[in-house]
> 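Structure in structure tokens, see below.
Along the sequence shown, residues carry numbers from 1.
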Amino acid sequence: MAVPIGITSEGNVLVQFVPVIAAPGVPKLTEISAAGAVPLHCALTKDGLALGGDQQTGTDDRLCSRQSFEIPGSYTDTLDITYVHNPQATLPADNLAYTTLKQGVTGYVVVRWGKPWETALAVGDKVDVYPVTAGIQRKQAPEANSSLKVAQKMFVTGPVARDVARGHGGDIILGR
């Protein structure tokens, strides 16, 4: 059996907040990298991209069977973020996540996995697109030997586009 090659997550995840994507299932590179797109990856803490969810279980009972069967039911995607906070920042870049993600702001969190965050998006890069509404910004209790932080729920408001890959001409095409 071949052992699959793994890749470290440290430094190999790009996360951006994008205010507008016309078709979230097929976003364009021009939308993901537009002037209003805000890079979040360097503001997020190492554990600050908390993706989760849940899937309900349905039953598929049959008159002829003594056993109950299961079927997949509705599911929920969740996204919580934690980022550093500089309340006295004089440069906008030093507090960009906090000033951008005010409660009620809508947009998309775009995540690229498995390439250095410094590498520009390219043809074939797979991304996940989360349509979100920003929840309340919750300042976290100060900790010894740590930066000030804010935690925030990002309410997932529509279908998540998973593993879509950027194609030629600036369009994103399905990467499966």
> Using modelled atom types only, decide if a donor and an acceptor are shared between the side chain of Ser65 and the backbone of Gln67 within a distance under 3.5 Å.
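Yes; judged by distance alone, with no hydrogens or angles, the pair exists.
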> Under the criterion side chain to side chain contact (heavy atoms under 4.5 Å, CB included), I'd like the reasoning laid out for Asp128 against Leu51: C-alpha separation, chi angles, the key distance, then a yes or no.
CA-CA 11 Å; Asp128 296 338; Leu51 304 169; 5.7 Å; no
> When you group the ILVMFWY residues by side-chain heavy-atom contacts below 4.5 Å and let the links chain together, are Val150 and Val84 in the same group?
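Shared cluster, no.
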> Check Arg162 with Asp77, please: is the shortest side-chain N to carboxylate O separation under 4.0 Å?
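Yes.
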> Should Leu44 and Met154 be counted in the same cluster of Ile, Leu, Val, Met, Phe, Trp and Tyr side chains packed under 4.5 Å apart?
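Same cluster: Leu44 reaches Met154 through Ile, Leu, Val, Met, Phe, Trp or Tyr contacts under 4.5 Å.
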> Show every donor-acceptor pair shorter than 3.5 Å between a side-chain atom in residues 11-19 and any protein atom, with sequence neighbours excluded, or say none if there are none.
residue : atom : partner : partner atom : Å
Asn12   : ND2  : Thr8    : O            : 2.9
Gln16   : NE2  : Ile32   : O            : 2.7

> Can you pull out every side chain to side chain donor-acceptor pair (under 3.5 Å) where at least one residue sits in residues 48-58? Sequence neighbours excluded, please.
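Found Asp54-Gln56.
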> Is there a path of hydrophobic side-chain contacts, each under 4.5 Å between heavy atoms of I/L/V/M/F/W/Y residues, joining Tyr83 to Val105?
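Yes, Val105 connects to Tyr83 through the hydrophobic network.
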> Quick one: CZ on Arg112 to CG on Asp125, what's the gap to the nearest 0.5 Å?
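Result: 5.0 Å between the selected atoms.
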> So how far is it from Leu101 CG to Leu40 CG, rounded to the nearest 0.5 Å?
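That separation rounds to 5.5 Å.
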> Step through the shown structure and confirm whether more than 12 heavy atoms of other residues, nucleotides or ligands are within 6.0 Å of NZ on Lys102.
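Enclosed.
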> Check whether any side-chain N or O of Gln137 sits under 3.5 Å from a backbone N or O of Ala151 as a donor-acceptor pair, and report yes or no.
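Checking the backbone N and O of Ala151 against the side chain of Gln137, no donor-acceptor pair under 3.5 Å is found.
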> Sequence neighbours excluded and cut-off under 3.5 Å, please list the side-chain donor-acceptor pairs for residues 129-136, or say none.
none

> Once rounded to the nearest 0.5 Å, what's the spacing between atom CZ of Phe69 and atom CG of Asp61?
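Between atom CZ of Phe69 and atom CG of Asp61 there are 8.5 Å.
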> Please tell me whether Ile21 and Leu121 are part of a single hydrophobic cluster in this structure, the criterion being side-chain heavy atoms less than 4.5 Å apart.
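Linked, Ile21 and Leu121 end up in one cluster.
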> Test Leu79 against Val109 for side chain to side chain contact (heavy atoms under 4.5 Å, CB included), laying out the working first.
CA-CA 9 Å; Leu79 172 58; Val109 173; 3.9 Å; yes
> Please give me the minimum heavy-atom distance between Val20 and Glu31, naming the atom from each residue.
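Minimum heavy-atom contact is O-CB, 3.9 Å.
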> Answer yes or no: are there more than 12 heavy-atom neighbours, outside Glu118 itself, under 6.0 Å from its atom CD?
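Yes, the 6.0 Å shell around CD holds more than 12 heavy atoms from other groups.
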> Can I get a per-line list of side-chain donor-acceptor pairs under 3.5 Å for residues 91-100, giving both atom names and the distance, sequence neighbours left out?
residue : atom : partner : partner atom : Å
Asn95   : OD1  : His85   : ND1          : 3.3
Asn95   : OD1  : Asn86   : N            : 3.0
Asn95   : ND2  : Asn86   : O            : 3.2
Thr99   : OG1  : Asn95   : O            : 3.2
Thr99   : OG1  : Leu96   : O            : 3.3
Thr100  : OG1  : Leu96   : O            : 2.8

> Quick one: CD on Gln140 to OG on Ser147, what's the gap to the nearest 0.5 Å?
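Reported value, rounded in 0.5 Å steps: 13.0 Å.
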> Run the salt bridge (charged side-chain N to carboxylate O under 4.0 Å, His left out) test against Glu143 and tell me which residues pass, sequence neighbours left out.
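If we apply the salt bridge (charged side-chain N to carboxylate O under 4.0 Å, His left out) test to Glu143, skipping adjacent residues, the hits are Lys149.
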> Same cluster or not: are Val111 and Val160 linked, directly or through other Ile, Leu, Val, Met, Phe, Trp or Tyr residues, by side-chain heavy atoms under 4.5 angstrom apart?
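Both belong to a single hydrophobic cluster.
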> Is Thr78 reaching over with its side chain to a backbone N or O of Gly52, donor-acceptor style, under 3.5 angstrom?
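Between the backbone of Gly52 and the side chain of Thr78 there is a qualifying donor-acceptor contact (under 3.5 Å).
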> As a quick check of understanding, evaluate side chain to side chain contact (heavy atoms under 4.5 Å, CB included) for Thr59 and Ile71, giving each step before the final call.
CA-CA 6 Å; Thr59 58; Ile71 56 173; over 6 Å; no
> Less than 4.5 Å apart, side chain to side chain, heavy atoms only: is that true for Tyr108 and Pro27?
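No. Closest side-chain heavy atoms not under 4.5 Å.
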> Nearest 0.5 Å, what's the NZ-CD distance between Lys153 and Gln103?
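CD of Gln103 is found 13.0 Å from NZ of Lys153.
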> Quick one: ring pair (Phe, Tyr, Trp, His ring centres under 6.0 Å) partners of Trp113, sequence neighbours excluded?
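For Trp113 there are no ring pair (Phe, Tyr, Trp, His ring centres under 6.0 Å) partners, ignoring immediate neighbours.
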